[in-house]
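A quick write-up on the structure given underneath.
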Amino acid sequence: MRFYREFLGNHVIQFVSFLSIVGILLTVKSFQGYLSLILLIAGALVYAFAEYIVHRYILHEFPKLFSALYREHVEHHRNPNDIKYLFSPVYYDFLIYFIYVTLLWSVFRDFSYIAPMATGTLLFQLYYQWMHYAAHRPVAPRTVWGRWMKKKHLLHHFQDEHTWYGVSHPTLDFVMQTDKSKGSVQEKK
């Protein structure tokens, strides 16, 4: 229970959880059957894709693009089990979701499309955050999947930081061939 309280007590988790609840309510209110379900899945896929792209390219390969994010990620690699470095500040998520919803609005211009898409993204982010948290805290995942993903993320931290960028799923690691370790590599300082 201590770890659930620690996880749920984080401000980013509270922010994303609040938005998720609002998103679920709005999705139910404007539910359009299979279309809403497809948009929920599409929103989850957006986050799944972004997770890999941001982790690999912004936080590892091109650090000058967003140097503040990169510096925080370096601290996470230096102190991988420190709760202080497991979550980004709330204002990052606020800004990202403001931009994301604005982009969704410019594409769909229909709230009954935007609500499920954004909700799928938010719910997948909660899943990702839990997987990342569980990988770094003394939490024993209960499923084979959870144990496997924890192992792969810890390989990223302690064996080869240029592999296993996917924290919640390995799909793009397999596609982009970043699932094979090349040996021990230290973070560029």
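Starting from 1, each residue takes its place in the sequence as its number.
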Determine whether more than 12 heavy atoms belonging to other residues, nucleotides or ligands lie under 6.0 Å from atom CZ of F49.
-> no
Hey, are the side chains of V54 and Y165 touching, using non-hydrogen atoms and a 4.5 Å cut-off?
-> no
Please say whether more than 12 non-hydrogen atoms of neighbouring residues, nucleotides or ligands are located less than 6.0 Å from CZ in F111.
-> no
Do H136 and H157 have ring centres separated by under 6.0 Å?
-> yes
So with a 6.0 Å cut-off around OH of Y57, is the heavy-atom count from everything else above 12?
-> yes
Indicate, with yes or no, if the rings of H132 and H55 have centres closer together than 6.0 Å.
-> no
Ring centroid separation Y113 to W105 under 6.0 Å | no
Answer whether the closest heavy-atom distance between the side chains of L155 and D160 falls below 4.5 Å.
-> no
Any side-chain heavy atom of T119 within less than 4.5 Å of one from L40?
-> yes
CZ/F174 to CH2/W164 distance, rounded to the nearest 0.5 angstrom?
-> 4.0 Å
Say whether E75 and Y70, considering side chains only, have a donor N or O and an acceptor N or O under 3.5 Å apart.
-> no
Please step through side chain to side chain contact (heavy atoms under 4.5 Å, CB included) for the pair T171 and Y52, ending with a clear verdict.
-> CA-CA 9 Å; T171 309; Y52 180 90; over 6 Å; no
Stepwise side chain to side chain contact (heavy atoms under 4.5 Å, CB included) test for Q14 and H11 | CA-CA 5 Å; Q14 292 169 349; H11 294 298; 3.5 Å; yes
In terms of side-chain heavy atoms, does D93 have a donor or acceptor partner in S88 at a distance below 3.5 Å?
-> yes
Are side-chain heavy atoms of Q129 and F7 found at a separation under 4.5 Å?
-> yes
Classify the ring geometry between F124 and Y127 as parallel (under 30°), tilted (30 to 60°) or perpendicular (over 60°).
-> perpendicular
If you look at every heavy atom in T163 and H156, which pair is closest and at what distance?
-> O-ND1, 2.8 Å
What about V139 and F87, same hydrophobic cluster or not, with Ile/Leu/Val/Met/Phe/Trp/Tyr joined at side-chain heavy-atom distances under 4.5 Å?
-> yes
Do the side chains of H162 and T178 get nearer than 4.5 Å, heavy atoms only?
-> no
Compare all side-chain heavy atoms of E6 with those of F3 and state whether any distance is below 4.5 angstrom.
-> yes
Ring geometry between H77 and H73 (parallel below 30°, tilted from 30 to 60°, perpendicular above 60°) = perpendicular
